[in-house]
Amino acid sequence: MTIAPLRHHARAVWSDSRLLYALEEVVEAELNRHLKVAKEWMPHEYVPWSDGRDFDGVMGGEAWAPEQSKVTDIGRTALVVNLLTEDNLPSYHHEIAQLFGRDGAWGTWVHRWTAEEGRHGIVMRDYLLTSRAVDPVALERFRMAHMSEGFESDNRHSMLHSVAYVAFQELATRISHRNTGRHSGDPVCDRMLARIATDENLHMVFYRNLLGKAFELAPDQTMGAVRDVVVNFRMPGHGIPGFERAAAQMAIGGIYNLRIHHDDVLEPVLRFLKVLEITGLGPEGLRAQEELGLFMNGLDDQATKFDERRAALLARRAARAEQA
């Protein structure tokens, strides 16, 4: 059944409910494609259980100490941020279930996505505790503080903005996990995060393809949503205690920074969908497209300046280390 948009100033205007119905068939097709390519995997197979031993406390084991960790300092910081971000899954599920609904293909996808994301938090926590990669007491206190605050999406006001956001955010999460593994210094951690990153990439493809169909149905509105999301983008873990400091360390450490955000997250999605090449837009869509292009150029300039400052900082650190 074809769902017609409302008309406003001679341009099609889609409400959230109409877009949900109009995209239902696309969601079903993408869901079926996802289920065919997604591979089952078991979190317990990625955890070095033989390394585990009792902690202090009621078990009377050994207290945690930094030297017990196999991962690098930057790896430890990124692992905590990544896990705490995954921990807020109940809030994420609540948000998307309210936006997308719990029925039909949309509902099936919501629950499938939640189930797949649940594995990420399970395997990461098991790895971190078994390998003694992080302080378990600090980790639990961070989790309690972060989850007690809950999570409210910046894009909860609009289904279209939410689809645009997750198309970029899933890729950003994949990149963050993958780079954390590479910088962790532990092959076991690298293998685990590579497995998680594969899931995140499939989630990105689902939302990216959905966003492409939204451009076909409502190009002006979708362009505006993409512009808003790109300009105001921030990761879902921004509410983690001490996030700003951790994010700065991760930026310098090469886990996630402006250059990575521009080159490896925003550009690939925009290029795949040919967002800046779309024609036939109305005045609002054209304005949003132009503003998006200008923002991307400005972000590229900012990333170049960041790269220069980062290189200088790393050079100074290397020089100090040599002298020491």
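Numbering of residues begins at 1 and proceeds along the displayed sequence.
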Applying side chain to side chain contact (heavy atoms under 4.5 Å, CB included), run through Trp14 and Leu217 and close with a yes or a no. CA-CA 9 Å; Trp14 293 80; Leu217 293 174; 4.2 Å; yes

Contact check, side chains of Val226 and Phe168, non-hydrogen atoms, under 4.5 Å: yes

Tell me whether Arg208 forms a cation-pi arrangement with Phe272, defined as NZ or CZ under 6.0 Å from the six-membered ring centre and within 45 degrees of its axis. yes

Please answer: with hydrophobic residues joined when any side-chain heavy atoms are less than 4.5 Å apart, are Met124 and Ile122 in the same cluster? no

Leu210 vs Val26 side-chain heavy atoms within contact, under 4.5 Å: yes

Cluster question for you: counting only ILVMFWY and a side-chain heavy-atom cut-off of under 4.5 Å, with indirect links fine, are Val80 and Met144 together? no

Check Arg182, Arg195, Glu86 against His177 for a side-chain contact (heavy atoms from CB on, under 4.5 Å) and give me the one that passes. Glu86

Check whether any side-chain heavy atom of Met296 lies under 4.5 Å from a side-chain heavy atom of Glu267, and answer yes or no. yes

Test: Asp264 and Arg259 ion pair at under 4.0 Å: no

Do other residues, nucleotides or ligands put more than 12 heavy atoms under 6.0 Å from the CZ atom of Arg271? yes

Are side-chain N/O atoms of His120 and Glu200 paired as donor and acceptor at under 3.5 Å? yes

Side chain to side chain donor-acceptor pair (under 3.5 Å) with His94: which residues, sequence neighbours excluded? Gln98

Do His93 and His111 touch side chain to side chain, with heavy atoms closer than 4.5 Å? yes

Donor on one side chain, acceptor on other, Ser176 and Asn82, under 3.5 Å: yes

Atom CG of Leu79 and atom NE2 of His183: how far apart are they, to the nearest 0.5 Å? 12.5 Å

Linked, directly or transitively: Met223 and Phe295 (ILVMFWY side chains, under 4.5 Å): yes

Can a salt bridge be assigned to the pair Arg33 and Glu30 using a cut-off of 4.0 Å between side-chain N and carboxylate O? yes

One thing to verify: whether Asp51 and Lys70 come together as a salt bridge, which I'm taking to mean a side-chain N less than 4.0 angstrom from a carboxylate O. yes

Is any side-chain heavy atom of Asp220 less than 4.5 Å from a side-chain heavy atom of Phe215? no

What's the spacing between Ser69 OG and Trp64 CH2 if we round to 0.5 Å? 6.5 Å

Give a yes or no on whether a salt bridge exists between Glu95 and Arg156, defined as a side-chain N under 4.0 angstrom from a carboxylate O. no

Is a salt bridge present between Glu116 and Arg112, judged by a nitrogen-to-oxygen distance below 4.0 Å? yes

Establish, from distance only, whether the side-chain atoms of His146 and Asp87 form a donor-acceptor pair under 3.5 Å. no

Using the rule ring-ring contact (aromatic ring centres under 6.0 Å, His included), only one of Phe206, Phe100, Trp113 pairs with Trp106; which is it? Phe100

Here the gap from Thr180 atom OG1 to Leu193 atom CG, rounded to the nearest 0.5 Å, amounts to 6.0 Å

Can you confirm whether Asn232 sits close enough to Asp154 that some side-chain heavy atom of one is under 4.5 Å from a side-chain heavy atom of the other? no

Can you find a heavy atom in the side chain of Met159 that is under 4.5 Å from one in the side chain of Val163? yes

With the threshold set at 4.0 Å, does a side-chain nitrogen-carboxylate oxygen contact exist between Arg310 and Asp307? no

Do Glu308 and Lys305 sit within salt-bridge range, that is, some charged N less than 4.0 Å from a carboxylate O? no

Is the distance between the ring centroids of Trp109 and Tyr207 less than 6.0 Å? yes

For residues Gln221 and Glu284, is any side-chain donor paired with an opposing acceptor at under 3.5 Å? no

Could you pull out all residues at least two apart from Trp49 that satisfy ring pair (Phe, Tyr, Trp, His ring centres under 6.0 Å)? none

Could you tell me the separation between the CZ atom of Arg245 and the CD1 atom of Ile240, rounded to the nearest 0.5 Å? 15.0 Å

Roughly how far apart are His161 NE2 and Asn155 CG, rounded to 0.5 Å? 6.5 Å

Please say whether the positively charged group of Arg132, taken as NZ for Lys or CZ for Arg, lies over the ring of Phe55, i.e. under 6.0 angstrom from the six-membered ring centre and within 45 degrees of the axis. yes

Test Phe151 against Thr85 for side chain to side chain contact (heavy atoms under 4.5 Å, CB included), laying out the working first. CA-CA 10 Å; Phe151 173 82; Thr85 300; over 6 Å; no

For residues Glu28 and Leu31, determine if any side-chain heavy atom of one lies less than 4.5 Å from a side-chain heavy atom of the other. no

Hydrophobic cluster membership, Leu294 vs Val275, 4.5 Å side-chain cutoff: no

Between Glu117 and Glu170, does the side chain to side chain contact (heavy atoms under 4.5 Å, CB included) criterion hold? Intermediate values first, please. CA-CA 11 Å; Glu117 288 287 343; Glu170 293 283 5; 3.7 Å; yes

Strictly under 6.0 Å, is that where the ring centroids of Phe233 and Tyr165 end up? yes

Is the shortest side-chain N to carboxylate O distance from Asp199 to Arg119 below 4.0 Å? yes

